[in-house]
J.: 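Before we start, here is the structure in question, set down as structure tokens.
By convention in this document, chain letters (A, B, ...) are assigned in the order of the sequence lines, proteins followed by strands, and residues within each chain are numbered from 1.
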Amino acid sequence: MDPFRSAVLRVVRAVPEGRVVSYGQVALLAGRPGAARAVGAVLRGLGEADGDVPWQRVVNARGGISTYKVGHGELQTALLESEGVELRGERVDMARYTWWPDDELARRMSGVCAQPT
DNA sequence: CGTCTGACGCACC
DNA sequence: GGGTGCGCCAGAC
């Protein structure tokens, strides 16, 4: 009942363990390029029923942990490290951990998943 | 409708 | 590297 929210959760759920994506990336993959802030708003509203959404794999474009602003920075960092993502200071090495769906997966996500060249 | 807000991003300085 | 400003989208009033 909320296309945007559904698309966001679908994309985030597709991110593999040990990999990360940025808010802007999620927005793009969800079919709303530019709606990075709105993605954060969706994740901010996650509840108990969304326990299968790996929100910790979403960081900002520079690999920074944005959840410190809402008091979840320590938790997110711990969760990421527990799945093998190394943090340099308070940031993730995006060149090394960023995930993009391959064509096959993109097809399965049945959305507007244009992959940047 | 108009305004404000923010788990953002980018161009600048 | 840090800091500022502005545009962005979706929601809440």
Side-chain angles (χ1 to χ4, degrees):
Chain A
M1 270 193 244
D2 183 340
F4 180 64
R5 180 183 142 88
S6 299
V8 168
L9 299 189
R10 172 165 50 75
V11 172
V12 176
R13 273 193 271 249
V15 183
E17 186 181 327
R19 306 299 294 284
V20 301
V21 289
S22 70
Y23 294 91
Q25 239 181 300
V26 175
L28 179 66
L29 294 170
R32 294 287 196 302
R37 306 191 75 152
V39 168
V42 169
L43 298 185
R44 172 160 40 89
L46 291 178
E48 283 297 312
D50 308 297
D52 61 322
V53 179
W55 57 270
Q56 73 272 22
R57 294 173 195 155
V58 184
V59 297
N60 66 42
R62 295 165 315 189
I65 306 300
S66 295
T67 59
Y68 276 110
K69 293 198 286 192
V70 278
H72 293 119
E74 290 298 324
L75 173 59
Q76 179 168 14
T77 297
L79 289 173
L80 284 176
E81 294 187 317
S82 74
E83 56 183 73
V85 177
E86 291 178 42
L87 284 272
R88 246 177 10 211
E90 304 262 282
R91 286 178 302 148
V92 174
D93 181 346
M94 295 307 274
R96 179 178 170 185
Y97 294 103
T98 298
W99 173 85
W100 284 99
D102 56 41
D103 297 334
E104 180 60 36
L105 182 52
R107 211 170 302 131
R108 262 196 292 148
M109 295 198 291
S110 68
V112 181
C113 303
Q115 196 172 168
T117 57

J.: Linking I/L/V/M/F/W/Y whenever their side-chain heavy atoms sit closer than 4.5 Å, directly or via other members, would A/Val8 and A/Val53 fall into one cluster?
T.: yes

J.: Excluding sequence neighbours, so at least two apart, what forms side chain to side chain contact (heavy atoms under 4.5 Å, CB included) with A/Glu81?
T.: A/Thr77, A/Leu87

J.: Starting from C1' on B/dC10, measure out to OH on A/Tyr23 and report it in whole angstrom.
T.: 17 Å

J.: Taking all heavy atoms of A/Trp99 and all of A/Val21, pick out the closest pair and write down the distance.
T.: O-CG1, 3.3 Å

J.: Quick one: A/Lys69 NZ to B/dG6 P, roughly how many Å, whole number?
T.: 9 Å

J.: Between atom CD1 in A/Ile65 and atom C1' in B/dC8, what is the gap in whole Å?
T.: 14 Å

J.: Determine the minimum heavy-atom distance between A/Pro54 and A/Val12, stating which atoms define it.
T.: CG-O, 3.3 Å

J.: Search all heavy atoms of A/Ile65 against all heavy atoms of A/Asn60 and return the closest pair with its distance.
T.: N-ND2, 4.3 Å

J.: Does OP1 or OP2 of B/dC8 have a side-chain N or O of A/Ser22 closer than 4.0 Å?
T.: no

J.: Looking only at non-hydrogen atoms, find the nearest pair between A/Asp52 and A/Arg13 and report the distance.
T.: OD2-NH1, 2.9 Å

J.: Distance check needed: B/dA7 C1' versus A/Glu90 CD, whole Å only.
T.: 15 Å

J.: From CD of A/Gln25 over to C1' of B/dA7, roughly how many Å is that when rounded to an integer?
T.: 15 Å

J.: Output one letter per nucleotide in nucleotides 7-13 of chain C: B when a protein non-hydrogen atom lies under 4.0 Å from the base, S when only the sugar-phosphate is that close, - when neither is.
T.: BBSSS--

J.: Whenever both distances are under 3.5 Å in a Watson-Crick or G-U wobble pair, mark it; put DNA chain B into dot-bracket that way, with [ ] for crossing pairs and | when the partner is on another strand.
T.: .|||||.||||||

J.: Would a hydrophobic clustering, with Ile, Leu, Val, Met, Phe, Trp and Tyr connected at side-chain separations under 4.5 Å, put A/Val15 with A/Val85?
T.: no

J.: Could you give me the CA-CA distance, side-chain angles and deciding distance for A/Gln76 and A/Tyr68, then say whether side chain to side chain contact (heavy atoms under 4.5 Å, CB included) is met?
T.: CA-CA 9 Å; A/Gln76 179 168 14; A/Tyr68 276 110; over 6 Å; no

J.: Separation of A/Gln76 atom CD from B/dC8 atom P, in whole Å?
T.: 10 Å

J.: Let me know the distance between CE of A/Met94 and P of B/dC8, rounded to the nearest Å.
T.: 13 Å

J.: Are A/Val58 and A/Met94 connected, step by step, through hydrophobic side chains (Ile, Leu, Val, Met, Phe, Trp, Tyr) whose heavy atoms are closer than 4.5 Å?
T.: no

J.: Just to be sure I understand the rule, does A/Ala41 reach a base, reach only the sugar-phosphate, or reach nothing, if contact means heavy atoms closer than 4.0 Å?
T.: nothing

